[in-house]
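All figures in this text were calculated on a predicted structure; none of them were measured in a lab.
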Amino acid sequence: MKGEMTEEMIDALAMYRLQRAKDTVQEAIDMLEKEHYNAAINRLYYASYYAVSALLVKNGIQVHTHSGTKQMFGMHFIVNGKLPRSYNITYNELFDKRHSGDYDDFLFFDRETVERLIPETEAFIQAIQQLIEQ
């Protein structure tokens, strides 16, 4: 969004992105049920990305790329202990797997990987929501 945003607009955007994150987890579950595991990984990454982007906008941190989002998340919320390091590990894993699943030839994820990452992503989003609501 361009221009100055009011605090009310920032709060609304953060809540929208959090809801989008939760909805996107459901999309991943739908893909899991249809055995579209690479698509499920893609949706889990985007769910985490939407949550992180909500956190960044809420804290006035502007980014323009996925890599920048990952970097700012680590710098502003992991390094200083606002969130446990395990969440950075989850986010990095999803980032890497999404990229590989979308662009590498002959790479296929399995049900077990997706089933492991769904609750990790849900916990990740919940932790971010709690941090935003503080």
Side-chain angles (χ1 to χ4, degrees):
M1 296 185 79
K2 295 189 181 217
E4 290 293 316
M5 291 197 304
T6 65
E7 189 172 330
E8 186 176 274
M9 292 167 67
I10 290 169
D11 289 345
L13 180 57
M15 291 304 108
Y16 166 79
R17 289 180 179 175
L18 276 174
Q19 186 58 51
R20 191 166 182 196
K22 293 173 187 177
D23 292 345
T24 305
V25 170
Q26 184 56 54
E27 292 171 7
I29 293 167
D30 294 345
M31 292 296 101
L32 172 64
E33 290 171 1
K34 293 178 180 173
E35 299 181 356
H36 298 298
Y37 306 127
N38 285 28
I41 293 294
N42 174 287
R43 302 322 300 152
L44 290 174
Y45 164 71
Y46 274 97
S48 67
Y49 171 79
Y50 297 143
V52 170
S53 68
L55 182 62
L56 295 179
V57 77
K58 179 68 175 169
N59 286 274
I61 302 166
Q62 293 186 356
V63 293
H64 302 289
T65 65
H66 287 260
S67 293
T69 300
K70 185 172 75 152
Q71 183 180 12
M72 291 297 109
F73 174 67
M75 186 184 325
H76 291 280
F77 300 98
I78 301 298
V79 170
N80 60 16
K82 290 183 180 179
L83 287 169
R85 194 162 162 66
S86 62
Y87 290 126
N88 200 45
I89 292 167
T90 297
Y91 190 51
N92 285 329
E93 180 180 2
L94 289 168
F95 180 94
D96 293 341
K97 283 186 180 336
R98 192 280 306 181
H99 191 270
S100 295
D102 284 357
Y103 299 108
D104 292 347
D105 293 326
F106 308 111
L107 177 75
F108 304 101
F109 293 109
D110 57 22
R111 173 175 286 279
E112 293 76 25
T113 300
V114 177
E115 287 177 338
R116 174 180 60 81
L117 287 170
I118 287 172
E120 288 182 27
T121 304
E122 290 172 326
F124 179 85
I125 293 167
Q126 182 62 36
I128 287 176
Q129 182 172 351
Q130 289 173 351
L131 191 55
I132 287 172
E133 291 174 350
Q134 286 182 351

(request) For side chain to side chain contact (heavy atoms under 4.5 Å, CB included), just list the numbers for Lys22 and Gln129, CA-CA rounded to whole Å, side-chain angles, deciding distance to a tenth of an Å, and then say yes or no. (result) CA-CA 11 Å; Lys22 293 173 187 177; Gln129 182 172 351; 2.7 Å; yes
(message) With side chain to side chain contact (heavy atoms under 4.5 Å, CB included) as the criterion, how do Val25 and Arg43 come out once you've worked through the C-alpha distance, each side chain's angles and the decisive distance to 0.1 Å?
(response) CA-CA 7 Å; Val25 170; Arg43 302 322 300 152; over 6 Å; no
(request) With side chain to side chain contact (heavy atoms under 4.5 Å, CB included) as the test, would you mind laying out the steps for Gln134 and Lys82 before giving the verdict? (result) CA-CA 11 Å; Gln134 286 182 351; Lys82 290 183 180 179; over 6 Å; no
(request) Could you go through the side chain to side chain contact (heavy atoms under 4.5 Å, CB included) check for Ile128 and Tyr50 one step at a time? (result) CA-CA 10 Å; Ile128 287 176; Tyr50 297 143; over 6 Å; no
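The minimum heavy-atom distance between Ser48 and Thr121, with the atom names listed, is N-CG2, 4.4 Å. Nearest heavy-atom pair, Gly74 versus Asn88, reported as atom, atom and distance to 0.1 Å: CA-OD1, 4.1 Å. Considering all non-hydrogen atoms of both residues, Ala21 and Ala51 come closest at CB-N, 3.8 Å. When all heavy atoms of Phe95 and Ser67 are compared, the pair lying nearest together is CZ-OG, 3.8 Å. A pairwise comparison of heavy atoms in Leu18 and Ile132 identifies CD1-CD1, 3.7 Å as the closest pair. When all heavy atoms of Lys97 and Thr113 are compared, the pair lying nearest together is CE-CG2, 3.9 Å.
Other residues, nucleotides and ligands contribute more than 12 heavy atoms inside 6.0 Å of the CD atom of Glu133. Heavy-atom contacts from other residues, nucleotides or ligands closer than 6.0 Å to CD of Glu8 number 12 or fewer. Other residues, nucleotides and ligands place more than 12 heavy atoms under 6.0 Å from the CZ atom of Arg111.
To the nearest 0.5 Å, atom CD of residue Glu27 and atom CZ of residue Arg20 are 8.5 Å apart. The distance from atom CD of Glu115 to atom CD1 of Ile29, rounded to the nearest 0.5 Å, is 10.5 Å. Taking OH of Tyr45 as the start and CG of Asn92 as the end, the distance is 10.0 Å to the nearest 0.5 Å. Rounding to the nearest 0.5 angstrom, the gap separating the CD atom in Gln19 from the CE atom in Met15 is 10.0 Å. A distance of 11.0 Å separates CE of Met72 from NE2 of His64, quoted to the nearest 0.5 Å. Taken to the nearest 0.5 Å, the OG1 atom of Thr90 stands 11.0 Å off from the CG atom of Leu83.
Judged by distance alone, the side chain of Arg17 and the main-chain N or O of Ser53 form a donor-acceptor pair under 3.5 Å. Between the side chain of Asn59 and the backbone N or O of Ile61, no donor-acceptor pair lies under 3.5 Å. Using modelled atom types, no side-chain atom of Asn42 and backbone atom of Asn38 make a donor-acceptor pair closer than 3.5 Å.
Phe124 has its ring centre less than 6.0 Å from the ring centre of Phe73.
Tyr46 and Tyr49 have perpendicular rings, their planes meeting at more than 60° on a 0 to 90° scale where under 30° would count as parallel.
No chain of hydrophobic side-chain contacts below 4.5 Å, direct or via other Ile, Leu, Val, Met, Phe, Trp or Tyr residues, connects Phe109 to Met31. By the rule that hydrophobic residues join a cluster once side-chain heavy atoms approach within less than 4.5 Å of another member, Leu13 and Val52 end up as members of separate clusters. One hydrophobic cluster holds both Met75 and Phe77 under the rule that ILVMFWY side chains link at heavy-atom gaps under 4.5 Å. Hydrophobic clustering (ILVMFWY, side-chain heavy atoms < 4.5 Å, transitive): Val79 and Val63 are in distinct clusters. In the hydrophobic clustering of ILVMFWY residues, with side-chain heavy atoms under 4.5 Å counting as a link, Tyr37 and Leu107 come out together.
Leu117 is listed as a side-chain neighbour of Glu120, based on a closest heavy-atom distance under 4.5 Å.
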